[in-house]
Amino acid sequence: MMATRYDIIVIGGGHNGLVAAARIADRGLRVLVLERRPLVGGACVTERIFPGYRVSTAAYLVSLLPQRIVDELELYRFGYRVDPKDPAFFSLFPEGRTFTMWQDQRRTIEEIGKFSKRDAEMYPRYCEHIDRLSRVVEPLLFVRPPDVPPTTLTGWLETLKLAGRLRSLDAKAWNGLIKIFTQSVHEFLSEWFESQAVRATLATDGVIGANGGPMSPGTAYVLLHHYMGGVGGVRGLWGFARGGMGTVTQAMADCARSRGAKIRTDATVGRVLIRGGGVQGVVLENGEEIRARCVLSNADPKRTFLGLVDPGDLDNEFRQAIENYRSEGTSLKINLALDRLPEFTAAPGAGPHLRATIHICPTIEYMERAWDNAKYGSPSQRPIIEMTIPTIYDPSLAPPGKHIMGVFVQYAPYTLREGTWDELRDTYADRVIDCIAEYAPNIRDIILHRQVLTPLDIERVYGITGGNIFHGAMSIDQMFFSRPVARCARYATPVRGLYLCGAGAHPGGGVIGAAGFNAAGRVLKDLRR
């Protein structure tokens, strides 16, 4: 039987793959998306894991998705809605104090003033500084990294064009960029604030999903990465997707289908079909062969090159570089179905604090000790905990009167010194609940259902090597023209016709979509040649 043929095959129906599919299909090409799970979305999904509840099992907040992609894919037309999160953060401290950060900067300044008058004065200047840096870096999300060093005239022109973008920066901006790319988030914030409460609250964005502590060099950039994007035109603001995170990727899938793309679920790719150094298509695990001119992989780099490509189709140097690519995760997610809302001792009742991201990480030192456990192969004894209650914004996600709580935990290393995650999963989740109970004593009594996703589970369920939610460490040596490695930082790979379009390519992790957008642009350009 003759194999089915398409112009483009996209491996993986996560958000980047769907953005790429929609953009390419809009140019009239025949596009097929192959997703191994029963539903599209990758790690950006809404799932019915408990009776009557719809849960954002992995990704849980929206911010980094650029308005450019929202508009080009007409996502509002396909049901995309986001409720801005306000307050932004609510931090709990052992002595019973709390700290709240609001959308309204004046309210935040008043709150900071309770901890430090100096910090309250510095905060507007800090916001202006971080906003300025993000305005410099954010446009680079849509830039294909140049070859380093350039080897062609086109490469030199692209490098000069990039240099031109940066030439207008003054010395202060250059100094700020150098610091944000090289400093730890602790060093960066210490230059601005003296209050532990303020530093620790802001530092969480530097370590969430990172394989490093607040004193690790490079975590300052992770903070900036989380600040880019926004909701409702407000930079740095995060929000809850109406209907859960799956509505984001469902809107993308609907857009792709409306433009002619086909999407198949329960379709696991076994290998990329390569002959004569070029892509011919893919072979599914069931033996079905599907031909295509080009293949875009939304899988992480290690799964792509070490799992789907035959070793004989890659040279040893490139394969070794991919093997050295750091992609072990340190994050754990617990999804809870609650009988009622948690009661925090420091803030009784159903106040506005429940609308925020709720933090348990009282000091930078607390956070660093949590990392100390993980870097030696043990889950944090007292972890960094970030909690959200999406049902405060969207009650339809749970039965009447019931709630969902998402608990994101740092640090839980993929590779353990003792035991396995299958052995430790439940006992460690109990430890996390015990930590929450110190601040919300009723938490144990109100849990109806619980799902625990360790890094090993994230790897198994979502197909992400090492359970790294960013598809690889977001350190300076694995970013921009070195993401994932120098020889395929421009989305094209050493295999002719094979491209990367996932978070393991520039600009990295988060629900951004820029990697898929940029990869689609590269493919369209190459096909015109």
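Note that this is a predicted model, so its numbers are computed, not measured. Computed over heavy atoms, backbone and side chain alike; hydrogens, waters and symmetry mates excluded.
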Do [X] and [Y] have a side chain donor and acceptor closer than 3.5 Å?
{"X": "Arg425", "Y": "Thr454", "result": "no"}
{"X": "Thr57", "Y": "Tyr462", "result": "yes"}
{"X": "Ser380", "Y": "Asn373", "result": "no"}
{"X": "Ser475", "Y": "Asp477", "result": "yes"}
{"X": "Gln410", "Y": "Ser331", "result": "yes"}

Checklist entry - So, the side chain of Arg522 versus the backbone of Arg490: is there a donor-acceptor pair under 3.5 Å, distance only? => result yes
Checklist entry - What side chain to side chain donor-acceptor pair (under 3.5 Å) pairs are there with at least one residue in residues 310-322, not counting sequence neighbours? => result Asp315-Arg487, Gln320-Asn324
Checklist entry - Side chains of Val70 and Tyr76: does their closest heavy-atom pair fall under 4.5 Å? => result yes
Residues that [X] engages under salt bridge (charged side-chain N to carboxylate O under 4.0 Å, His left out), provided they are two or more places apart:
{"X": "Asp71", "value": "none"}
{"X": "Arg77", "value": "Glu74"}
{"X": "Asp266", "value": "none"}
{"X": "Glu72", "value": "Arg23"}

Next on the checklist: Please report the interatomic distance CD1(Ile404) to OH(Tyr60), rounded to the nearest 0.5 Å.
Outcome noted: 15.0 Å
Mind checking what makes side-chain hydrogen bond (donor to acceptor under 3.5 Å, both in side chains) contact with [X], not counting sequence neighbours?
{"X": "Ser184", "answer": "Glu187"}
{"X": "Glu288", "answer": "Arg264"}
{"X": "Thr330", "answer": "none"}
{"X": "Asp26", "answer": "none"}

Checklist entry - Salt bridge or not for Asp7 and Arg30, using N-O below 4.0 Å? => result no
Next on the checklist: Does this structure show an ion pair linking Asp457 with Lys333, if we count only N-O contacts that are shorter than 4.0 Å?
Outcome noted: no
So, using ring pair (Phe, Tyr, Trp, His ring centres under 6.0 Å) as the criterion, who are the partners of [X] when residues are at least two apart?
{"X": "Phe480", "result": "His506"}
{"X": "Tyr126", "result": "Trp192, Phe193"}
{"X": "Tyr221", "result": "Phe181, His225"}

Item to check | salt bridge (Lys or Arg N to Asp or Glu O under 4.0 Å) assessment of Glu47 paired with Arg37 | outcome: CA-CA 12 Å; Glu47 300 185 78; Arg37 300 191 72 207; 2.8 Å; yes
Checklist entry - What do the steps show when you test Tyr491 against Tyr499 for ring pair (Phe, Tyr, Trp, His ring centres under 6.0 Å), and what is the final call? => result CA-CA 5 Å; Tyr491 308 103; Tyr499 298 80; 8.8 Å; no
Next on the checklist: Take a 6.0 Å sphere around CD of Glu128 and say whether it holds more than 12 heavy atoms from other residues, nucleotides or ligands.
Outcome noted: no
